[in-house]
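Presented below is the structure to which this report refers.
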There are 2 protein chains.
Amino acid sequence: MSVPEANAETRVLDATKRCCERFGLEKVTVDDIAVASGVSRATIYRMFPGGKDVLFEALRVRELEEFFAILRQRVEGATSIEDLLVRTVVAATQELRADDHLAVMLASAPGETLSQLTVDGVPRIIRFANAFLAPLAEAYLDHERARAVIDVLARLTISYFLAPSDTVDLGDETSARAFLDPFLTAILTEGAISS
Amino acid sequence: MSVPEANAETRVLDATKRCCERFGLEKVTVDDIAVASGVSRATIYRMFPGGKDVLFEALRVRELEEFFAILRQRVEGATSIEDLLVRTVVAATQELRADDHLAVMLASAPGETLSQLTVDGVPRIIRFANAFLAPLAEAYLDHERARAVIDVLARLTISYFLAPSDTVDLGDETSARAFLDPFLTAILTEGAISS
DNA sequence: AGACGATAAGACACAAACCGTCTCAGTGTC
DNA sequence: GACACTGAGACGGTTTGTGTCTTATCGTCT
């Protein structure tokens, strides 16, 4: 997981993740994390001034960065805008479903975790999605259009991940493509018409 | 797991078990258990005077009873003393390996759990083993001999469960039989000679 | 109806755990 | 030697948990 030589901050964040899975979000203490990361409590407060909240916040940011880094890497060879977007949604859905940490969090602290995926966390998720994916989309779309489509697709991906539908499986490429195509042509041509 | 109509004590013990798995032995509070079992905290203290320790103790006892009840049921058709003992060891090993709760406890609170399987808990385990299995063994052996052989087999079973050996698999009937037969004939005939 | 036992709810005092901040001493680096 | 970083741990304040107790509310039995 985290070798002793690794960056101290990385070690602490890894330990935080492990402790969350083991004790649950409500039950972790800074001391648990200090022991698990082999770092003194004082050091944690020095690294993350503000304590637990800041620490968890930093973990969430790191997870998001990791998530989108992997995602970008998985869709880099796309040949068209439709292809890019469909593959992104599919890959994101698969990543979400394969995320053990997220699964544990959803099971053990549904309230807080859901909030991070819906109410509170969504603006940031969309910010990250844009930061990582807009550069790819802007090969085909202007800045504003790229932002808009990433925004809506992010929301759809989250919704269908949290509450799967009988009629679509966004983790399946053909199903996702069939489902998204109308939306995409609508969104993409609409812009072309109105401009 | 535990239907609302079930005996209140059963509900509380079930909830204790669930909470242990979820939060870990160190992190459970009586309040957690009260909420999980749909019972007020006062009632728990009334049912288990002495609090948390007594409650956990009661859970361990129930688990042991359950374990040996299943075990006895699994070996009831034995045709000889060797058969009975080998099958008991094999069944016990398989039960231990299949026990999810035990696995979680061993992973999350190794110290306390191991102590219950070695230092502190062994006398009781052997007491229970005798209470449940001696009646079966005494079809073939006198009281003292039955106690002695159950004692040593219980210890062997625990040891090989905790630290599996490359040369024997007590969860496998043929392997276990080959391994145990010398012991058993030794123990059983030794008694016959010296008496 | 009235008596009874069991329960939920919650107040209470005490103890323990946790938090966040701080100091200080040790360690390695420039 | 100056410097930055760290571990250890003390601190005051707050929260959380414990175990006991009281009160009100049930359902049950007679």
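Here is how names work: the chains are called A, B, and so on, in the same order as the sequence lines, proteins then strands, and each is numbered from 1. Given the structure is predicted, the values throughout are model-derived calculations rather than measurements. Excluded from the calculations below are hydrogen atoms, water molecules and symmetry mates; all remaining heavy atoms, backbone and side chain alike, are included.
Summarising the geometry, the separation between CD1 on A:Ile33 and P on C:dC18 is reported as 12 Å, rounded to the nearest angstrom. One interatomic measurement links the two molecules: OH of B:Tyr45 to P of D:dG19, which rounds to 4 Å at whole-angstrom precision. Spacing between atom CD1 of B:Ile44 and atom P of C:dA8 amounts to 9 Å, rounded to whole angstrom units. Rounded to an integer number of Å, the gap from CE of B:Met47 to P of C:dA6 is 12 Å. For the pair B:Lys52 NZ and C:dA16 C1', the computed distance is 11 Å after rounding to whole Å. When rounded to the nearest whole Å, the span between CG of A:Asn7 and C1' of D:dC5 equals 14 Å. In this structure, A:Phe23 atom CZ and C:dA17 atom P are separated by 14 Å, rounded to whole Å. Atom CZ in A:Arg41 sits roughly 12 Å away from atom P in D:dA10 (whole-Å rounding).
Taking every side-chain heavy atom of A:Ala42 into account, D:dG7 is the closest of D:dT20, D:dG7, C:dG20. The side chain of B:Val30 approaches D:dT18 more closely than any other nucleotide in the set D:dT18, D:dA8, C:dA9.
Map A:Ser40 and A:Lys27 each onto its nearest nucleotide of DNA chain D; the residue landing nearer the 5' end is A:Ser40. Residue order along DNA chain C, read from the 5' end via each residue's closest nucleotide, puts A:Thr29 first among A:Pro49 and A:Thr29. Nucleotides of DNA chain D nearest to B:Asp32 and B:Arg46 differ in position, and the one nearer the 5' end is that of B:Asp32.
When atom types are taken as modelled, the side chain of A:Thr113 and the backbone of A:Met105 share a donor-acceptor pair closer than 3.5 angstrom.
Checking the phosphate oxygens (OP1, OP2) of C:dA8, a side-chain nitrogen or oxygen of B:Thr43 falls inside 4.0 Å.
The aromatic rings of A:Tyr160 and A:Phe179 sit perpendicular, their planes meeting at an angle over 60°, well past the 30° parallel limit.
From B:Glu82, atom CD reaches atom CG of B:Leu84 across 10.0 Å, with rounding to the nearest 0.5 Å.
For the residue pair B:Asp169 and B:Ser175, no side-chain donor N or O sits within less than 3.5 Å of a side-chain acceptor on the partner. Using modelled atom types, one finds no donor on one side chain facing an acceptor on the other under 3.5 Å when comparing A:Thr16 with A:Asp14.
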